[in-house]
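Mind looking over this structure? Questions follow.
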There are 2 protein chains.
Amino acid sequence: MGTTQLESVQEPKYWHLRTVLSEALDSDFAVGEVLPNERDLAARFGVARATLRQALEQLELEGRLQRRRGVGTTVAPPRVGVPVATARQGGVEGDADEAWQPLECTTATAPAAVAFTLDIDATEPVHVVRRIRVVHGQALAAELLYVPTSSVPELSAIEVPSGPARARSVVRELHRLGLEGQDRSVELGSARADDAKELDRLPGAPVLVVTTRYLSAAGTAAVSVATYRADTCRLTFGDAGALEISHDEQERQAS
Amino acid sequence: MGTTQLESVQEPKYWHLRTVLSEALDSDFAVGEVLPNERDLAARFGVARATLRQALEQLELEGRLQRRRGVGTTVAPPRVGVPVATARQGGVEGDADEAWQPLECTTATAPAAVAFTLDIDATEPVHVVRRIRVVHGQALAAELLYVPTSSVPELSAIEVPSGPARARSVVRELHRLGLEGQDRSVELGSARADDAKELDRLPGAPVLVVTTRYLSAAGTAAVSVATYRADTCRLTFGDAGALEISHDEQERQAS
DNA sequence: CAGTGGTCTAGACCACTCA
DNA sequence: GAGTGGTCTAGACCACTGT
């Protein structure tokens, strides 16, 4: 008959919903606007709440939505471009180090894999510095910076008490070494409970895990494991701050 | 009384399950081994299947598990380190270009955001090259490479028919320009239907979206949007192939 | 307190893979 | 066709936020 080929490939409901909602976000909503609550939305689209939630989860993963328990679902602003490495990445300067805010510092043994990367014995003590990266008053990343005590010999004599002051000392001493460059890797992870708390997210929230190896003439001087909020961050490498491609734009397929 | 503080903070069941399963994976399972099916596992832990699945989803997101419909759930190998940029990223050579396998090439107008980044008019035609990055016989990434026709003037005269051959021509011409460097950004996304197909994933699967701007003396010569499988890939920058920190190792918290 | 998103249940059916 | 993971439902209760 005359019925036009309708969804014969049968995409899942939640996926179709995601597309519909995504288009609605583009045309009918402004950044920061709150959406109707999940029960209403589900009823409006004639699906179970769980299905509606599956669509919202997708959109949140893509950085389009922001959901807060007890508050509601709002339209998220475009992702922040976060400089992770500049073009001259061999530079001695601490890159965007001023953005990191030291919280505390303890001394302990490093996790096995970190010890391996540092090329030290697993029993050798390391300074563990806890830092967060704050932009516009919001924490974008939480980091653990592992610095072998042997890398910063000056410090052991000083004996600053634990806390932010000591964290700053360790970072200062590290910079004094004259770092020659960094190695980095980026992968997807989920926030541990402690990181989630710093980032104001729930445990298990998707994060981009940036592992950095700081190189000095003597070898690996320190290792940092930083977890960035995947929902709000776009990591940039090589002064690509100008890159302004957003996800909804990529949606359209050139054919 | 004598009851020892047991889970008073009440973490969600699925999160606790994730931890239990994660430890079980470390101690009792080998890479590639298949887990019991979801219904059995759920029964064994005394939870609903949906809850068990929430835990499995977490572990899959972290690259610990691999799930295939009709087959089962298996223990995933450690993530592959994928070189995205080398230390001398200003190099003219195509980096790990040999790993990219051209599929086809069409000519069309670029999406608005891509046109903006290329600094061209949205109506100007661009070559759209479709490539996939294959390692060990498995597709790790799918890419759309946008090259303005004005960037590669030689090509319009040649008139190679659409297809892999033409794709190769465009890439070759692009390299001939003498590229001066690249800008990159990395963010989390979900696979579009076409990308999902190339990557052997379901639509919506988590991917790392790498947007690269190729710079020539004249400005932005091309833009590429590559989607990497987030479950299997660890993107490395600056010859950090040696970085071997895996997620389960990060689990332990130094305190 | 009312209203929101987060968790959880116990089912059902479907799509896919493989023997 | 048997067995797997993927989708979907219609409820329930909880944790959190604001007023």
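Letters A, B, ... are given to chains in the order of the sequence lines, protein chains preceding strands, and every chain is numbered from 1.
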Here the distance between atom P of C:dT7 and atom NE2 of B:H16, to the nearest Å, is 16 Å
Does A:T73 make a side-chain N or O approach to OP1 or OP2 of C:dT4 shorter than 4.0 Å?
-> no
Residues B:R68 and B:D200 bridged, charged N to O under 4.0 Å = no
When the distance from CG of A:D40 to C1' of C:dG5 is rounded to whole Å, what number comes out?
-> 13 Å
Is there any protein nitrogen or oxygen under 3.5 Å from a nitrogen or oxygen in nucleotides 9-12 of chain D, and what are the pairs?
residue : atom : partner : partner atom : Å
D:dT9   : OP1  : A:K13   : NZ           : 3.0
D:dT9   : OP2  : A:A48   : N            : 2.9
D:dT9   : OP2  : A:T51   : OG1          : 2.4

Rounded to the nearest 0.5 Å, what separation is found between the CG atom of B:L21 and the CG atom of B:L65?
-> 7.5 Å
Check whether any side-chain N or O of A:R67 sits under 4.0 Å from OP1 or OP2 of C:dG6, and answer yes or no.
-> yes
Taking CD from A:E60 and P from C:dT4, how many angstroms apart are they, rounded to a whole number?
-> 17 Å
Have a look at A:D231 and tell me which of A:R67, A:R79, A:R201, A:R64 forms a side-chain hydrogen bond (donor to acceptor under 3.5 Å, both in side chains) with it.
-> A:R201
D:dG5 P sits how many Å from B:L65 CG, rounded?
-> 11 Å
Is any side-chain nitrogen or oxygen of B:N37 closer than 4.0 Å to OP1 or OP2 of D:dG3?
-> no
Intra- and inter-strand pairs of DNA chain D in dot-bracket (Watson-Crick or G-U wobble, both distances under 3.5 Å; | for another strand) = ||||||||||||||||||.
Spacing of A:Q66 atom CD relative to C:dT4 atom C1', expressed in whole Å = 15 Å
Would you mind reading off the distance between B:E57 atom CD and C:dG6 atom P, rounded to a whole angstrom?
-> 15 Å
Has A:Y14 got a side-chain N or O lying under 4.0 Å from the OP1 or OP2 atom of D:dT7?
-> yes
What integer distance in Å separates A:R68:CZ from D:dT17:P?
-> 10 Å
Hey, is B:R192 close enough to B:D195 for a salt bridge, meaning N to O under 4.0 Å?
-> yes
Could you state the atom-to-atom distance from CD of A:E38 to P of D:dC14 in whole Å?
-> 18 Å
Would a 4.5 Å heavy-atom cut-off, applied to side chains only, mark A:T107 and A:V126 as touching?
-> no
Ignoring the backbone of A:P12, work out which of C:dG5, C:dC18, D:dT7 is nearest its side chain.
-> D:dT7
Is it true that atom CG of B:D40 has more than 12 heavy atoms of other residues, nucleotides or ligands lying nearer than 6.0 Å?
-> yes
Any ion pair linking A:E143 and A:R130 (charged N to carboxylate O, less than 4.0 Å)?
-> no
Is any side-chain N or O of A:R53 closer than 4.0 Å to OP1 or OP2 of C:dG6?
-> yes
Would you call A:R166 and A:E104 a salt bridge, using N to O less than 4.0 angstrom?
-> no
Do the non-hydrogen side-chain atoms of B:E62 and A:L188 ever get within less than 4.5 Å of each other?
-> no
